[in-house]
Colleague: 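The structure is given below, and queries will be raised subsequently.
Lettering follows sequence order; numbering is per chain, from 1.
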There are 2 protein chains.
Amino acid sequence: MTRITIKDVAARSGVSYQTVSKVLNNQGNVSAETEARIWQAVEELGYKPNISARNLRTQSSNLIGYAWQRSVDDSPRPILDQFLYDAVYTFEQHGYHLLTFLVDVDDKPDVPIYKELYDRRQVEGFILADTNHNDPRIAYLMEQNIPFASFGRANTEWDFCWVDIDGRHGLRIVVDHLIQRGHQRIGLLAWPEGSEAGAYREEGFAAGLREAGLELRQDWVLRGNNTVQFGAAGMQHFRSLPEAERPTAVACVSDLIAIGALNDASAAGLIVGQDIAITGYDDIPMAQYFTPSLTTVRQPIATVGQQVVDLLLKQIKGQPIAEKGILLKPELVIRESS
Amino acid sequence: MTRITIKDVAARSGVSYQTVSKVLNNQGNVSAETEARIWQAVEELGYKPNISARNLRTQSSNLIGYAWQRSVDDSPRPILDQFLYDAVYTFEQHGYHLLTFLVDVDDKPDVPIYKELYDRRQVEGFILADTNHNDPRIAYLMEQNIPFASFGRANTEWDFCWVDIDGRHGLRIVVDHLIQRGHQRIGLLAWPEGSEAGAYREEGFAAGLREAGLELRQDWVLRGNNTVQFGAAGMQHFRSLPEAERPTAVACVSDLIAIGALNDASAAGLIVGQDIAITGYDDIPMAQYFTPSLTTVRQPIATVGQQVVDLLLKQIKGQPIAEKGILLKPELVIRESS
DNA sequence: AACGTTCGGGCGAACGTTCGCTTAAACGGT
DNA sequence: ACCGTTTAAGCGAACGTTCGCCCGAACGTT
């Protein structure tokens, strides 16, 4: 069973196949009558253009790459999944599709795979997520001059397209909220140093305290991985302090950590939201179903997806880009835990 | 800046470009000496074959399609994400990539998009997930004779490639476990009728009771959507029954439902795992972090991903397929809630 | 009547591969 | 010394499009 090509359509409608091509890409200079005849033939034969041939001729693929990184600890990353979904949605509206591939996250990320895909003309650009300071992927893509746009910032001196959510503002509104609730002693469960996103969030935390005239106590800032276990350990540490030296509210840089803290506090008999306040960050889908439900920060992921795609497509099409970096504001979601 | 083609490599190594092609696809009949010269030229020039040209010539794309369905209620689907990850991993090992696209789930799924992608030769086949009885996608793909393989079964009389996890066995081991723990009165929070997966799980539930000589009480089987809300409502209903008419254990067909039930029971002052047993299904990543941690059924997702891919690639390559349907066994994960 | 314009459509070529066939040279056995 | 076989490499064609250019007819203008 051989496929139907543009020549079959041409034969049926009695024109040359190049004329059919003209009609399909509607670049004028065909009489309405023959155009109708051609469309009818297309319909009758069920003709579908062969993408490979078109790609070869036009030197394009209408494909964008995204490297799927399995998280190290296999923890869920609902935020990324949602981002990806929204990005795909926007791509489709522009006739693009998403090509997913894997990249070893174990040791050094295998950056040349990006160039490989690009040089083979399999993809026209990339979207990245989960970026960091000194991100080797970004450095490599910039150096190789490969189009890309990322969800997340990197070194401020690097000049590339990114969209990010203002973590500084996110933790700022958390702290303001806690202070307004009457808390004066606020602890923070943070990520290890070296995390770009973590640093911004800490800045917001510090700024909130500072402007309220509260002291930033370094012994109330604990650092650990993005796990439930760390959250529990952090809370346990806070509970072990003498009462006068103990924070009455604990802000966490992620929901995962907050859930750990929440579980530990509850298990110790504390009524979270009353005896102690706990806040998260991300508003993962499960956050509302814990007891008590989690006060957290919701990020406008859908908008991020759209904007990242817009930036990338503008690059690919050589259109002017007004603003290379876009910073969006998250919102506070107040629930029972604070 | 023009790309490097096979002809550039040929020129540099002093052979015809067709000979270069032979070397690249190592189909013999080239002397070791010239082969070395060619590889060297490839290296020096940094030549990468143009995928579009190759695809056009070989009538292939090395791409597999997967339709990303946003869940109706925006609930998380970590299981699917994990399946997808493992599928991509296996594809890569065979030189394939995954092309993701969207399909409206709102009203009737837009099945022709499958044919569109296939006819355009953009993909060589599809993987499906989250299938159901009378699944229109499967019916369509079978009718159109398009290669695909699915995670999940459909009508038993349909002849297609699938891999599934034995939900009958899954609920069977749950019930056995509860009975062994001394429970005689066991309720079930199930999905609405018409769900294939749901029906199998119910069968396992019924079989477990039957073989233990226990009665299957229809008023202890409640049905609702796959949401936390339904879980809570279901548990509330059970609690409202007079004590003698109340189940002492509740099995749920998903973790989401179980979490709702767990929250409702805890809020009502019951100590779950002691006053009442609750079990889930799926072992979502968060399941272990609830209080109490959730007894549930873990599915061998990674294996599913591999097998689905194997089946699909065999179809595409025209290799013989020993078994069109593959049924895998899940395992019980016992935690505090039972 | 001669000439420039517009319009509809055809034609050749090219995109970068792979495939099958042919050819020239080298080889080995009687 | 002859001939058949193997080996190495070249050659033409094809995959299915799109692009730029050309050509002929119809038309209106001076």
Side-chain angles (χ1 to χ4, degrees), chain A residues 1-39 41-42 45-63 95 116-124, chain B residues 1-39 41-42 45-63 95 116-124:
Chain A
M1 183 195 66
T2 170
R3 289 278 161 194
I4 294 159
T5 78
I6 205 173
K7 297 192 181 177
D8 298 319
V9 176
R12 187 176 188 105
S13 43
V15 293
S16 73
Y17 63 91
Q18 294 94 335
T19 305
V20 175
S21 173
K22 271 184 193 161
V23 168
L24 294 176
N25 303 293
N26 54 2
Q27 31 191 302
N29 278 5
V30 181
S31 73
E33 185 197 355
T34 40
E35 174 157 358
R37 228 173 43 239
I38 290 173
W39 279 120
V42 165
L45 295 172
Y47 165 77
K48 295 281 157 43
N50 180 310
I51 286 290
S52 297
R54 172 175 294 176
N55 287 347
L56 174 59
R57 179 64 234 222
T58 61
Q59 300 281 53
S60 65
S61 69
N62 287 334
L63 246 38
E116 179 90 10
L117 282 168
Y118 185 70
D119 281 349
R120 291 171 153 246
R121 304 246 136 153
Q122 197 149 18
V123 303
E124 298 182 26
Chain B
M1 183 196 66
T2 171
R3 290 277 160 193
I4 294 157
T5 77
I6 205 174
K7 298 192 182 179
D8 299 318
V9 176
R12 186 175 188 105
S13 43
V15 293
S16 73
Y17 63 92
Q18 294 94 334
T19 306
V20 175
S21 174
K22 272 185 195 160
V23 169
L24 293 177
N25 302 294
N26 53 3
Q27 30 191 303
N29 279 5
V30 181
S31 73
E33 185 197 354
T34 41
E35 174 158 357
R37 228 172 44 237
I38 290 173
W39 280 120
V42 164
L45 296 172
Y47 164 77
K48 297 281 156 44
N50 180 312
I51 286 290
S52 297
R54 170 175 296 175
N55 286 348
L56 173 59
R57 179 64 234 225
T58 60
Q59 299 281 54
S60 66
S61 69
N62 288 333
L63 247 36
E116 179 89 11
L117 281 167
Y118 185 69
D119 281 350
R120 291 170 152 247
R121 304 247 135 152
Q122 196 148 20
V123 303
E124 298 181 27

Colleague: Start at the 5' end of DNA chain C and walk down; is the nucleotide closest to A:Lys22 or to B:Lys7 reached first?
Modeller: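 Result: A:Lys22.
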
Colleague: Select base, sugar-phosphate, or nothing to describe what A:Gln59 touches, counting heavy atoms under 4.0 Å on all strands.
Modeller: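 Contact class for A:Gln59: sugar-phosphate only.
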
Colleague: To the nearest angstrom, how far is B:Ile6 atom CD1 from D:dC11 atom C1'?
Modeller: 14 Å

Colleague: Please round to the nearest 0.5 Å and tell me the distance separating atom CD1 of B:Ile6 and atom CG of B:Asn50.
Modeller: 10.5 Å

Colleague: D:dA9, OP1 or OP2 - any side-chain N/O from B:Ser31 closer than 4.0 Å?
Modeller: yes

Colleague: When you measure from the side-chain N and O atoms of A:Thr58 to the phosphate of D:dT18, is any distance below 4.0 Å, counting only OP1 and OP2?
Modeller: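 For A:Thr58, the contact criterion (side-chain N or O under 4.0 Å from OP1 or OP2 of D:dT18) is not met.
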
Colleague: Assess whether a salt bridge exists between A:Arg3 and A:Asp8, defined as any Lys/Arg side-chain N lying under 4.0 Å from an Asp/Glu carboxylate O.
Modeller: no

Colleague: Give a yes/no on whether any side-chain N or O of B:Ser16 is located under 4.0 angstrom from OP1 or OP2 of D:dG10.
Modeller: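 B:Ser16 to D:dG10 OP1/OP2: side-chain N or O found under 4.0 Å.
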
Colleague: Calculate the interatomic distance between B:Asn55 atom CG and D:dA14 atom C1'; express it in whole Å.
Modeller: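 It is 16 Å, rounded to the nearest whole Å.
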
Colleague: Is any N or O donor-acceptor pair between the side chain of A:Gln18 and the base of C:dG9 shorter than 3.5 Å?
Modeller: no

Colleague: Just how far, in rounded Å, is C1' of D:dG20 from CG of A:Asn29?
Modeller: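 Nearest whole value for this atom pair: 13 Å.
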
Colleague: Does B:Val30 or A:Leu24 map to a spot on DNA chain D nearer the 5' end, using the closest nucleotide for each?
Modeller: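 On the 5' side of the pair lies B:Val30.
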
Colleague: Using a cut-off of strictly less than 4.0 Å, decide whether A:Tyr17 has a side-chain nitrogen or oxygen near OP1 or OP2 of C:dA13.
Modeller: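 Looking at the OP1 and OP2 atoms of C:dA13, neither is under 4.0 Å from any side-chain N or O of A:Tyr17.
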
Colleague: When you measure from the side chain of B:Glu124 to the backbone of B:Ser61, do you find a donor-acceptor pair of N or O atoms at a distance under 3.5 Å?
Modeller: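 Looks like yes, one N/O pair under 3.5 Å.
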
Colleague: What does B:Ser52 touch in the nucleic acid at a heavy-atom separation under 4.0 angstrom: a base, only the sugar-phosphate, or nothing?
Modeller: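 Since no nucleic acid heavy atom lies under 4.0 Å of B:Ser52, the category is nothing.
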
Colleague: Is there a Watson-Crick or G-U wobble partner for D:dT29 with both distances under 3.5 Å, and which nucleotide is it?
Modeller: C:dA2

Colleague: Is there a Watson-Crick or G-U wobble partner for C:dC7 with both distances under 3.5 Å, and which nucleotide is it?
Modeller: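 Across any shown strand, C:dC7 pairs with D:dG24.
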
Colleague: By nearest nucleotide on DNA chain D, pick out whichever of B:Arg57 and A:Arg54 is the more 5' one.
Modeller: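 Final value for this comparison: B:Arg57.
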
Colleague: NA contact type, A:Ser21, heavy-atom cut-off 4.0 Å: base, sugar-phosphate, or nothing?
Modeller: base

Colleague: In Å and rounded to the nearest 0.5 Å, what is the CG to CD distance from B:Asn62 to A:Gln122?
Modeller: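 That separation rounds to 7.5 Å.
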
Colleague: Heavy atoms only: give me the nearest B:Ile38-B:Val9 pair and the separation to one decimal.
Modeller: O-CG1, 4.1 Å

Colleague: What is the distance, to the nearest angstrom, from the CG atom on B:Leu56 to the P atom on D:dT18?
Modeller: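 Distance, rounded to whole Å: 12 Å.
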
Colleague: Could you check how far CZ of B:Arg121 sits from C1' of D:dT17, rounded to whole Å?
Modeller: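 Distance, rounded to whole Å: 14 Å.
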
Colleague: Check whether A:Arg37 reaches the backbone of A:Ser13 with its side chain - one donor and one acceptor, N or O, closer than 3.5 Å.
Modeller: yes

Colleague: Figure out the CD/C1' separation between A:Glu35 and C:dG9, and round it to whole Å.
Modeller: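 The answer, rounded to whole Å, is 13 Å.
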
Colleague: Side chain of A:Thr19: nearest nucleotide among C:dG9, C:dG16, D:dT17?
Modeller: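 Of the candidates, C:dG9 comes closest.
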
Colleague: For B:Ile38 and D:dA8, give me the distance from atom CD1 to atom P, rounded to whole Å.
Modeller: 12 Å

Colleague: Classify the nucleic acid contact of B:Asn25 as base, sugar-phosphate or nothing, counting any heavy atom under 4.0 Å across all strands shown.
Modeller: sugar-phosphate

Colleague: Using whole Å, what does the distance between atom P of nucleotide D:dG16 and atom CD1 of A:Ile51 come to?
Modeller: 14 Å

